[in-house]
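What follows is a short report on a single structure.
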Amino acid sequence: MAPLLAIAHRAGNDVTGLRAALDAGVDLVEADIHLFRGALEVRHLKTLGPQLLWDKWELARRRDTTLPVLGEILTAADGDARLMLDLKGPAAALAPKVAALLREVAPRAPITVCTKHWRMLDSFEDPVRRVLSASNRLSLRRLRARLRRQPEYGVSVRRELLTPAVVAELRESVQTVMVWPVDTPEALAHARSLDVTAVISKNLPLLQDLIASR
């Protein structure tokens, strides 16, 4: 049985987290990419009007927050292709701008691109690895139907939505089945029982233990 791939959730949203995750030996580091006023911002926080950013239990003023842009993260990676860019939001220009930047600064790097907005993936060609994400039962049903017509490199699915039978079906059409969240030993055990190929976790010590057990 192939070892589980270890993916560091959100660790690529700042340079310090990126370097820590890469140094820990993870297989991929996730970074959330938003388009805001023409800039490819790297952040998990969502916008609340032009001046506020928010997430569950968190509210921040944009003027008090330093947000890296994708170019800075690519520079900090220094040619390391262990990046998974999660494209956020429906902005039509987001995917073309990310694709153009990758062609410019990392044209031969097999960087992974993931999104819930699957049409965005049409902007990317080899060597980019395309991953379709599903976070609810409806999108999972649509994903399964799409994969029967058009295989892809990978999928990223909320763990609670999956069964071993569904994972087996997905693996007929993709190389990589990623699941999230996997932040506890119990969640990791569940992911193993599903026979997925990769886990996405914000618990870096858990990922380090996973890597050490290979």
Transitively linked via ILVMFWY side-chain contacts under 4.5 Å: [X] with [Y]?
| X | Y | answer |
| --- | --- | --- |
| V196 | I211 | yes |
| V29 | V69 | no |
| I7 | L194 | no |
| L206 | M84 | no |
| V155 | Y153 | no |

### Message
Quick check on side-chain contact (heavy atoms from CB on, under 4.5 Å): which of L87, I111, L85 does F124 satisfy it with?
### Response
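With F124 as partner, L87, I111, L85 yield a single side-chain contact (heavy atoms from CB on, under 4.5 Å), made by L87.
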Which atom names give the shortest non-hydrogen contact between [X] and [Y], and what distance separates them?
| X | Y | answer |
| --- | --- | --- |
| A109 | P127 | O-CG, 3.5 Å |
| A191 | V182 | CB-CG2, 4.4 Å |
| L210 | V199 | CD2-CG2, 3.7 Å |
| V42 | G12 | CG1-O, 3.5 Å |
| I200 | M178 | CD1-CB, 4.0 Å |
| A187 | P181 | CB-O, 4.1 Å |

Does [X] come within less than 4.0 Å of [Y], counting only side-chain N to carboxylate O?
| X | Y | result |
| --- | --- | --- |
| R148 | E169 | yes |
| D27 | R214 | yes |
| D32 | R43 | no |

Under 4.5 Å between any side-chain heavy atoms of [X] and [Y], yes or no?
| X | Y | result |
| --- | --- | --- |
| S135 | K116 | yes |
| L74 | L102 | yes |
| K97 | L101 | no |
| D122 | R130 | yes |
| I33 | V113 | no |
| L67 | L53 | yes |
| E152 | W118 | no |
| V157 | L132 | no |

How many angstroms lie between [atom1] in [X] and [atom2] in [Y], if you round to the nearest 0.5 Å?
| X | Y | atom1 | atom2 | answer |
| --- | --- | --- | --- | --- |
| K202 | L207 | NZ | CG | 12.5 Å |
| D86 | T115 | CG | OG1 | 6.5 Å |
| T163 | D195 | OG1 | CG | 11.5 Å |
| L83 | L22 | CG | CG | 6.5 Å |
| L52 | R61 | CG | CZ | 6.0 Å |
| T112 | R82 | OG1 | CZ | 12.0 Å |

### Query
Counting N and O atoms only, with roles assigned by atom type, does the side chain of D14 sit under 3.5 Å from a partner on the main chain of G17, one being a donor and the other an acceptor?
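Indeed, once roles are kept as given, a pair shorter than 3.5 Å links the two residues.
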### Task
For the pair L59 and L48, evaluate side chain to side chain contact (heavy atoms under 4.5 Å, CB included) and give the outcome as yes or no after the intermediate values.
CA-CA 9 Å; L59 184 66; L48 183 62; 4.2 Å; yes
#### Entry: Flag for N203-D183: side-chain donor and acceptor within less than 3.5 Å
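Looking only at side-chain atoms, N203 and D183 do not form any donor-acceptor pair under 3.5 Å.
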### Residues W180, R158; criterion side chain to side chain contact (heavy atoms under 4.5 Å, CB included); working and verdict
CA-CA 5 Å; W180 49 273; R158 179 176 286 277; 3.2 Å; yes
### Steps toward side chain to side chain contact (heavy atoms under 4.5 Å, CB included) verdict (L147, R144)
CA-CA 5 Å; L147 290 175; R144 294 166 68 185; 6.0 Å; no
### Query
Do other residues, nucleotides or ligands put more than 12 heavy atoms under 6.0 Å from the NZ atom of K88?
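Check passes, neighbour count above 12.
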### Message
Is it true that, when you exclude Q150 itself, more than 12 heavy atoms of the residues, nucleotides or ligands shown sit nearer than 6.0 Å to its CD?
### Response
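More than 12 within 6.0 Å, yes.
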### Task
Dump the intermediate steps for side chain to side chain contact (heavy atoms under 4.5 Å, CB included) on R137 and R141, then the final yes or no.
CA-CA 6 Å; R137 295 189 184 282; R141 286 198 297 271; 4.1 Å; yes
### Query
Could you walk me through whether E30 and H9 pass the side chain to side chain donor-acceptor pair (under 3.5 Å) check?
CA-CA 5 Å; E30 183 199 41; H9 191 203; 3.3 Å; yes
